[in-house]
Number of protein chains: 2
Amino acid sequence: MNADKIPDIIIGRLPIYLRALQRLSDKGVQNTSSQELGDMIGISAAQIRKDISQFGEFGKQGTGYSIPFLIERLQSILKVNRIWDVIIVGMGDMGHALARYNGFANRGFKVTMLFDNDPKKIGQKVNNLEIFSMDVLSEKIKQNRIKVAMLTVPASAAQEVSNQLVKAGVKAILNYAPTHLNVPPDVRVQHIDPATHLQRMTYYL
Amino acid sequence: MNADKIPDIIIGRLPIYLRALQRLSDKGVQNTSSQELGDMIGISAAQIRKDISQFGEFGKQGTGYSIPFLIERLQSILKVNRIWDVIIVGMGDMGHALARYNGFANRGFKVTMLFDNDPKKIGQKVNNLEIFSMDVLSEKIKQNRIKVAMLTVPASAAQEVSNQLVKAGVKAILNYAPTHLNVPPDVRVQHIDPATHLQRMTYYL
DNA sequence: TAGATTGTTAATCGATTAACAATC
DNA sequence: TAGATTGTTAATCGATTAACAATC
């Protein structure tokens with residue numbers, strides 16, 4: 001393991017590699033090469049080898065990489081060789097869809113609590129999980145040592161709720177609100193904004 | 001307007017600038033500087049000036065940028081100074097949430113058609129839009145000259161449906177399926193995979 | 001005018017690619 | 001052994017930052 005600081009751009013590619021490897025594994029494939037993996041996901045073989053080699057010598061000359069082994073290594077590096085409890089804050093349509101999403105299984109995450117401030121929603125269940133009041137958000141986060149949250153409140157409330165999350169100890173926020181969040185440097189934010197993603201493509205049309 | 005090829009990484013930042021500018025505009029602010037805008041979204045002032053200057057001289061020394069003017073320019077560059085009709089393919093929870101999402105207004109997009117292959121869903125309405133059969137997907141895309149699609153089918157069907165979209169003339173796909181899509185070079189794909197986004201953050205926890 | 005801020009140049013920094021010895 | 005493919009080095013390519021003349 002290289003102790004140097006790994007560039008974030010490399011960290012960002014590891015989940016892509018992992019996803020492709022798990023897909024191969026599901027098909028029963030046992031081994032692959034940087035060439036094959038690269039062809040699958042549109043990344044050069046040299047870059048894949050370079051990225052992976054930041055963390056150790058996981059391949060073998062002549063035969064490439066053992067898929068189960070490389071999956072295990074990447075999961076360990078990304079710290080998804082465990083299950084992170086994740087909360088969803090804001091039970092509109094998007095929060096609802098995420099609560100019922102089955103794509104987190106085997107990828108290191110489990111949605112464990114839901115929150116909303118609408119009295120009509122509080123106490124209801126989605127996917128067998130009760131919706132809690134925002135009043136108990138901080139308390140529940142601390143109690144359960146929650147580190148990861150998905151934020152699906154309206155843009156107008158996002159910064160305020162983000163502050164609450166951070167104050168209670170959340171360190172990773174997947175932000176679905178179409179607004180930038182200001183957080184301390186030890187908190188990570190990833191943005192999902194469909195309009196922004198679409199606008200990035202219309203330029204080329 | 002610079003006729004050189006603009007790097008994609010710059011194009012990717014323009015929607016972020018545009019979103020921040022629209023937020024300022026909504027608050028009634030008329031002018032801003034690269035410094036202020038950069039502070040808002042965590043990007044250096046120099047980079048913002050450099051990015052914007054690829055497309056023309058939109059600012060004024062001493063006073064910065066006129067927000068309405070810069071919004072108009074960015075919208076024009078990104079081709080969102082019009083409304084793109086967008087279709088949603090796959091009316092599960094995610095497709096449903098996107099069909100009811102109100103974040104596309106004023107950002108250049110309008111969801112106009114929904115598709116699913118489940119006979120029980122076909123003919124139903126979501127947000128006043130009828131769900132069509134996949135059998136008429138190609139025909140409807142061609143008829144309405146649809147260029148932009150959101151793909152919310154299961155991963156196992158994503159490549160196959162993507163092929164249909166591309167063949168019918170779609171040039172921009174927002175892919176919610178957790179799998180890489182192979183498309184011709186003239187088709188753009190953006191990926192939204194919550195598990196991948198979360199995995200990119202857990203490394204730092 | 002004086003202060004502020006752009007657009008741009010040059011310098012720095014970082015990422016990607018090509019190539020190949022090592023070796024399975 | 002011969003062929004394949006890694007890990008790594010050096011070269012190339014591209015992106016970011018710092019600095020400042022121009023000018024509103």
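Only a predicted model underlies this, so the values are computations on that prediction, with no experimental measurement involved. Values below: all heavy atoms of this structure, side chains included; hydrogens, waters and symmetry mates excluded. Letters A, B, ... are given to chains in the order of the sequence lines, protein chains preceding strands, and every chain is numbered from 1.
In this entry dC24(C) has dG3(D) as its Watson-Crick or G-U wobble partner, both defining distances falling under 3.5 Å. The partner of dA11(D), taking Watson-Crick or G-U wobble pairs whose two distances both stay under 3.5 Å, is dT16(C).
Here dA22(C) presents its C1' atom at 15 Å from NZ of Lys60(A), a figure rounded to the nearest Å. Here the P atom of nucleotide dA15(C) and the CD atom of Gln54(A) are 10 Å apart, to the nearest Å. Between the CG atom of Leu70(A) and the C1' atom of dG7(D) there is a distance of 14 Å, given to the nearest Å.
OP1 and OP2 of dA4(C) both lie 4.0 Å or more from every side-chain N or O belonging to Thr63(B). Contact check, Gln61(A) against dA22(C): no side-chain N or O comes under 4.0 Å of OP1 or OP2. A close approach under 4.0 Å does not occur between any side-chain nitrogen or oxygen of Arg49(B) and OP1 or OP2 of dT16(D). Within the 4.0 Å cut-off from OP1 or OP2 of dC24(C), not a single side-chain nitrogen or oxygen of Tyr65(A) is found.
Among the nucleotides dT17(C), dT23(D), dT16(D), the one closest to any side-chain atom of Lys50(B) is dT16(D).
Between the side chains of Arg188(B) and Thr202(A), no donor-acceptor pair is found at a separation under 3.5 Å.
Inter-residue side-chain proximity for Ile77(A) and Leu14(A) is flagged as met; some heavy-atom pair is nearer than 4.5 Å.
Test Val189(B), Val187(B), Ile173(B) against Ser162(B) for side chain to side chain contact (heavy atoms under 4.5 Å, CB included) and you get one pass: Ile173(B).
Judged by a 6.0 Å distance limit and a 45° cone about the ring axis, Lys171(B) is not positioned over the six-membered ring of Tyr204(A).
Residue whose closest nucleotide on DNA chain C sits further toward the 5' end, between Gly62(A) and Ile10(A): Ile10(A).
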